[in-house]
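Just so we're clear, the structure is a prediction, and the values are computed from it rather than from any experiment. Chain letters run A, B, ... following the sequence lines, proteins first, then strands; residues in each count from 1.
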There are 2 protein chains.
Amino acid sequence: MENKDKLIDVALTLFNDRGYQSVGIQEIVDTVGVSKPTLYHYYNSKLGLLKAIFEQHILGDIKRYEEDAIYNGDFTYSLQKLTFAISNSYKNNPRLYHLLFTYILSSKDSEDYKVVNLYLSKIYNIVVNLFVASKVQNGNMNNREEQFSYSYLAMLIDYLNRHGEEMNNDQFLYSLLHQFQFGINS
Amino acid sequence: MENKDKLIDVALTLFNDRGYQSVGIQEIVDTVGVSKPTLYHYYNSKLGLLKAIFEQHILGDIKRYEEDAIYNGDFTYSLQKLTFAISNSYKNNPRLYHLLFTYILSSKDSEDYKVVNLYLSKIYNIVVNLFVASKVQNGNMNNREEQFSYSYLAMLIDYLNRHGEEMNNDQFLYSLLHQFQFGINS
DNA sequence: CTATTACTATACCAATTGGTATAGTAAGCA
DNA sequence: TGCTTACTATACCAATTGGTATAGTAATAG
């Protein structure tokens with residue numbers, strides 16, 4: 001692996017373990033075995049490095065989500081497709097998604113939040129849009145589509161953070177979808 | 001307000017806005033208008049300050065949760081009482097609870113996480129215990145009580161972070177409880 | 001063969017980090 | 001009165017922070 005990629009790889013691990021602010025540039029370059037100008041040559045700044053970590057994979061993933069979340073009259077079907085797409089991305093890149101989800105409940109005035117939220121908010125919008133689009137079908141949502149979207153994502157993300165790396169979690173995902181749509185009493 | 005309390009108040013605000021690691025001791029004491037030895041006289045270390053922020057109120061709150069979460073044969077009733085207790089605490093101390101919930105999805109190897117998790121895990125345990133105790137009543141939980149507890153807390157906390165400071169959110173809380181137990185399709 | 005470009009290291013920068021040694025004041029207690 | 005305890009400031013500490021000026025090498029393009 002090239003230095004450019006090693007830097008992203010190491011930074012992703014360290015940020016994930018201890019948080020962006022707790023990790024210094026020096027520790028990253030020391031771990032990789034290069035010097036600081038090497039890092040600054042590729043990524044300009046610490047924030048630039050954080051941005052690069054996400055842009056490596058997540059823009060492609062998001063495009064996939066947008067396609068899967070197109071509402072074609074069958075809400076359950078679209079929600080399933082979207083859910084499995086997100087779950088697959090998590091499996092392919094657990095560190096990246098774990099770091100991403102770290103920012104959902106984090107402080108909103110830090111520099112790093114503002115960068116990461118660019119991608120996080122896109123995913124949230126995709127989900128909200130699906131719920132809103134299916135308004136007609138799910139008449140009983142009663143104008144609380146947004147609330148349902150957020151609740152659904154909260155459950156899904158909490159679930160992925162606990163079991164997202166396991167090999168076979170399809171069964172669990174189905175039960176999550178079922179639980180969300182029909183509650184625990186059915 | 002005494003310096004001792006001012007320090008906690010200012011630190012709580014700053015930690016909440018930008019995160020524990022992003023805020024320096026100097027900024028805290030400057031904002032309060034005292035010098036560093038004053039802070040270190042009361043709280044020994046930056047982590048000690050963080051700990052003190054939580055111990056000020058949350059230990060009492062947790063005692064309340066433990067009482068409310070006693071399962072007396074009526075799961076819905078206990079879950080309602082516990083939910084409203086948590087919601088009330090959030091209303092009384094939004095900054096404290098927002099900061100607390102910040103750590104749910106955060107990196108797990110940072111010093112500050114380890115401190116805050118002392119309190120966070122207690123709340124989680126209370127909820128899980130309630131779900132497990134009601135196993136007999138809710139036979140259809142099918143040994144997924146833990147999963148349900150986590151999902152429930154994920155939804156509740158996401159909800160509180162969005163609407164927890166509003167004056168009258170009882171209606172919303174009831175709908176959250178209903179949604180969780182009976183799904184969105186009822 | 002020359003000039004440019006990509007990449008990397010040494011050595012440095014000012015500013016900030018968490019924390020402290022020393023000393024002082026003010027209040028309460030003997 | 002005299003002693004102790006609580007509290008606070010000035011001035012300092014070594015270490016680390018994010019970032020850079022300078023210089024070098026290696027490859028590539030003209």
Practice prompt. For Val23(A), answer base if it contacts any base atom (sugar-phosphate contacts may also be present), sugar-phosphate if it contacts only those atoms, and nothing otherwise; contact means non-hydrogen atoms under 4.0 Å.
Written response: sugar-phosphate

Item to complete: Give the minimum heavy-atom separation between Ser107(B) and Asp17(A), together with the two atoms involved.
Response: CB-O, 3.3 Å

Under 3.5 Å, which protein N or O atoms sit close to an N or O of nucleotides 19-23 of chain D? Give each pair with its distance.
from, atom 1, to, atom 2, distance (Å)
dG19(D), OP2, Tyr40(A), OH, 2.8
dG19(D), OP2, Lys46(A), N, 3.0
dG19(D), O5', Tyr40(A), OH, 3.4
dG19(D), N7, Lys36(A), NZ, 2.9
dG19(D), O6, Lys36(A), NZ, 2.2

Worksheet item: Do Leu177(B) and Tyr152(B) come within less than 4.5 Å of each other through their side chains, counting heavy atoms only?
Response: yes

Practice prompt. Starting from P on dT17(D), measure out to OH on Tyr20(A) and report it in whole angstrom.
Written response: 13 Å

Worksheet item: Rounded to the nearest Å, what distance is computed from the CG atom of residue Leu7(B) to the P atom of nucleotide dC7(D)?
Response: 12 Å

Worksheet item: Ring centres of His178(B) and Tyr174(B) under 6.0 Å apart?
Response: no

Fill in: Carboxylate-amine/guanidinium proximity below 4.0 Å for Glu146(A) and Arg162(B)
no

Worksheet entry | Gap between atoms CG and C1', on Leu49(B) and dG18(C) respectively (whole Å) | 12 Å

Worksheet item: Side chain of Ser35(A): nearest nucleotide among dA9(C), dA6(D), dA9(D)?
Response: dA9(C)

Discussion item. For dT8(C) and His41(A) - does any side-chain N or O of the residue sit under 4.0 Å from the phosphate oxygens OP1/OP2?
Written reply: no

Worksheet item: Below 4.0 angstrom from OP1 or OP2 of dA6(D), is there any side-chain N or O of Tyr42(B)?
Response: no

Worksheet item: Can you tell me how far C1' of dC7(D) sits from NZ of Lys6(B), to the nearest Å?
Response: 14 Å

Item to complete: Mind calculating the distance between CG (Asp30(B)) and C1' (dA9(D)) to the nearest angstrom?
Response: 13 Å

Worksheet item: Quick one: is dT8(D) close enough that its OP1 or OP2 comes under 4.0 Å of any side-chain N or O from Asn3(B)?
Response: yes

Item to complete: Give a yes or no on whether the ring-centroid distance for Tyr113(A) and Tyr20(A) is below 6.0 angstrom.
Response: no

Worksheet item: Does Tyr103(A) have its ring centroid less than 6.0 Å away from the ring centroid of Tyr119(A)?
Response: no

Worksheet entry | Glu27(B) CD - dT17(D) C1' separation (whole Å) | 15 Å

Worksheet item: Roughly, in whole Å, what's the span from CD in Gln21(A) to C1' in dG18(D)?
Response: 11 Å

Worksheet entry | Centroid-centroid distance, Phe75(A) to Phe131(A), less than 6.0 Å | yes

